[in-house]
2 protein chains.
Amino acid sequence: MRSHNDRTVLRLVRSGAVSRASLAAEAGLTPQAVSKIVARLIAAGLLEETGTVRSAARGKPRTSLRVAAGGAHAYGAYVDRDELRVVRLDLIGEVVSSSVVPLAPMFTPADVLDALAPLVSADEKVLGLGIAIAGPLDFTGGVVSPNGLPGWNAVPLRELARERLGLPVVVDKDTNAAVLAEAWRRPLADAAVVFVGTGLGVGLLLGGEVHRGARSGAGEFGHTTIQLDGPLCVCGRRGCVEAVHATVSGAEAARVLGAAVVSLVQLLDLDQIVLSGRKVLESPELYLKAMPEVDVSVTSYGPDLVPVGAGLLVLGELY
Amino acid sequence: MRSHNDRTVLRLVRSGAVSRASLAAEAGLTPQAVSKIVARLIAAGLLEETGTVRSAARGKPRTSLRVAAGGAHAYGAYVDRDELRVVRLDLIGEVVSSSVVPLAPMFTPADVLDALAPLVSADEKVLGLGIAIAGPLDFTGGVVSPNGLPGWNAVPLRELARERLGLPVVVDKDTNAAVLAEAWRRPLADAAVVFVGTGLGVGLLLGGEVHRGARSGAGEFGHTTIQLDGPLCVCGRRGCVEAVHATVSGAEAARVLGAAVVSLVQLLDLDQIVLSGRKVLESPELYLKAMPEVDVSVTSYGPDLVPVGAGLLVLGELY
DNA sequence: CGCAATTATTCAACAGCGTTGCTTTAATCT
DNA sequence: AGATTAAAGCAACGCTGTTGAATAATTGCG
């Protein structure tokens, strides 16, 4: 009960609730309960008062509240093909510092840990580290076997990082981190981030939660059949979107992806699609025009999309 | 807290927990708390003691518990194309009575209410009525505009039924009811029921919950593109699974559906697929063989699949 | 200016639910 | 019979939210 209501209040303040009075109204709690909860959160350094706001013509003005940015921090890391990107987030999810270091070809788990260690400091304010990496992986166990990284087989990355850094660590797919980051900037409940690069993957937000599936494998969008008996795919089957998309280019490629995205939106009844990935960023207009039925946009994050989402894996536990 | 733990205990007893002691272990509560919760549930008539079971070589035997079948009932109704099927469920989800009445061609909402009224009695034990019907519909508002029923446009079916019958009513898509029914018989977390009839739809269970999407429209599996530039579909686009599937038959039809289901399983990382619908029931072997990579089975329910699921929409609130 | 009216927040007593510590009950083993 | 073991209940307690009344900070009006 307690932690649930604490999270509810923090979330409401972040999403614009002004004062104890408005929190009570929106959370369905009594003003008294909100008073106690807010007192706890202020004592913990997670909330702060910022003055007063007149809400009605008469009466005592409301004491406005906001999330105390410095109340807690989290690190987010993105283990990409050729570089490691790390951000430090404050409690409102803003990037307070950011670093990129290159990773040598054929880098090993030990290389990643060595690169991480100097970028992450386990001070008191830090809740933990989220690491985003390509799938497949086991989310609950934190064990990764990323595609495209030879030699990485069933690496217990979460445990390795936790021991090396002395911090709680969460490991998730890069696409899941991305959709968390997008959902942080605006309220999303059923949405997807579609990554169009060499591969083709989606991060799914369903019912307000990241959908990972039975074995943390959800998001394999690239191997959806879109052309029966189409070109052979690396996965061994024929006519996967990824394979068909790779054989064409320009407007035709966008048309192929568009058809797949429209199918996805209908299947899951999504209300928002966000595009990202190298191929899309090269010619966004083409892709946006290819799916006129869909409420689609290109990510508003730069290269921080995934690492910020990784940090939110940790920070999100407070909300 | 209270209602949450009450539900947890009821769910655990249903799924095989034997006694207060085992409940405490499985729920992570203290034996004392479980004792109090069980006492409440017995007083409410939802649980009953059924004797004792020796768990260890020595010591007091455990007092075994089970859900009191008669503790509460719920009705489930399925408004099909040409008939209305109603079941009454007891608290363990068993059908205690069942009726079918034909519906005249072009039946109206009033016809359905007239058919329902004599089959549903609002006695004290009855929690409510779940109604399953073809989409599209608005789940939260209980307003339906089912495909294939001319004249049904934005019918506030939930409100109409509630007024007429004097019972709480929930309205949902037939496919969603079906997946609830399947999940009732065995533990499922990420699964789908695939209906293959004139149309093609799925009920999605994701993370243990029915996924309805932003506008209750999720499950539109039939209009997934599987053949770029394929045959024209009733939806106006080309190469939808439904349209391609309709142009072929036998093993080829099964192959088309198989490809679509494999894509679905990969996209959402489902661990179980259940097939239903007229087309599948005509030649189940054909369809099962068409998707060897998938853990797939044919529904073990007969015609009660959907109405039972509809009843579980209501009954499930206790679990 | 001073007091009523209004709105926000807090104080104090209370109630519900799970926990802790200990007791009672019901069985087996020696 | 008495010791041992396991299940379940009793009593007191603590935490969290609720209820009812008080306090604080404004505006409006005589």
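Labels below follow one simple rule: chain letters A, B, ... track the order of the sequence lines, proteins then strands, and each chain is numbered from 1. The figures that follow rest on heavy atoms only: side chains count, while hydrogens, waters and symmetry mates do not.
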- Message: Here's a test for you: under salt bridge (Lys or Arg N to Asp or Glu O under 4.0 Å), which of A:R62, A:R20, A:R66 qualifies with A:E49?
- Response: A:R20
- Is any side-chain N or O of A:R62 closer than 4.0 Å to OP1 or OP2 of D:dA25? no
- Message: Using whole Å, what does the distance between atom C1' of nucleotide D:dT16 and atom CZ of A:R40 come to?
- Response: 7 Å
- Item | Test item: side-chain donor near acceptor, A:R185 and A:S300, under 3.5 Å | yes
- Task: For B:S55, report the nucleic acid contact type (base, sugar-phosphate, nothing); a contact means any heavy atom under 4.0 Å.
- Result: sugar-phosphate
- Message: Nearest whole Å is fine: how far is D:dA8 P from B:I42 CD1?
- Response: 10 Å
- Query: Would you say D:dA6 has OP1 or OP2 under 4.0 Å from some side-chain N or O of B:R58?
  - Reply: no
- For A:P61, answer base if it contacts any base atom (sugar-phosphate contacts may also be present), sugar-phosphate if it contacts only those atoms, and nothing otherwise; contact means non-hydrogen atoms under 4.0 Å. sugar-phosphate
- Within the pair B:T63 and D:dA8, is there a side-chain N or O less than 4.0 Å away from OP1 or OP2? yes
- Message: Check whether B:Y319 forms a cation-pi arrangement with B:R11 (NZ or CZ under 6.0 Å from the six-membered ring centre, at most 45° off the ring normal).
- Response: no
- Centroid-to-centroid, A:W184 to A:Y301, below 6.0 Å? no
- Query: Could you state the CG-P distance from B:L23 to C:dG18, rounded to the nearest angstrom?
  - Reply: 13 Å
- Could you tell me which residues satisfy side-chain hydrogen bond (donor to acceptor under 3.5 Å, both in side chains) with B:S216, sequence neighbours excluded, listed by chain and number? none
- For A:E163, look at atom CD and say whether over 12 heavy atoms of other residues, nucleotides or ligands are found less than 6.0 Å away. yes
- Message: For C:dT9 and A:S35 - does any side-chain N or O of the residue sit under 4.0 Å from the phosphate oxygens OP1/OP2?
- Response: no
- Could you tell me the separation between the NZ atom of A:K60 and the P atom of D:dT23, rounded to a whole number of Å? 13 Å
- Let me know the distance between NZ of B:K36 and P of D:dC10, rounded to the nearest Å. 10 Å
- Message: Counting C-beta onward and ignoring hydrogens, is there a side-chain heavy-atom pair between B:L116 and B:I131 closer than 4.5 Å?
- Response: yes
- Phosphate OP1/OP2 of C:dG18: any B:N5 side-chain N/O under 4.0 Å: yes
- Query: Which angle, rounded to 10°, do you find between the first-five-pair axis and the last-five-pair axis of the helix from C:dC1-D:dG30 to C:dT30-D:dA1?
  - Reply: 20°
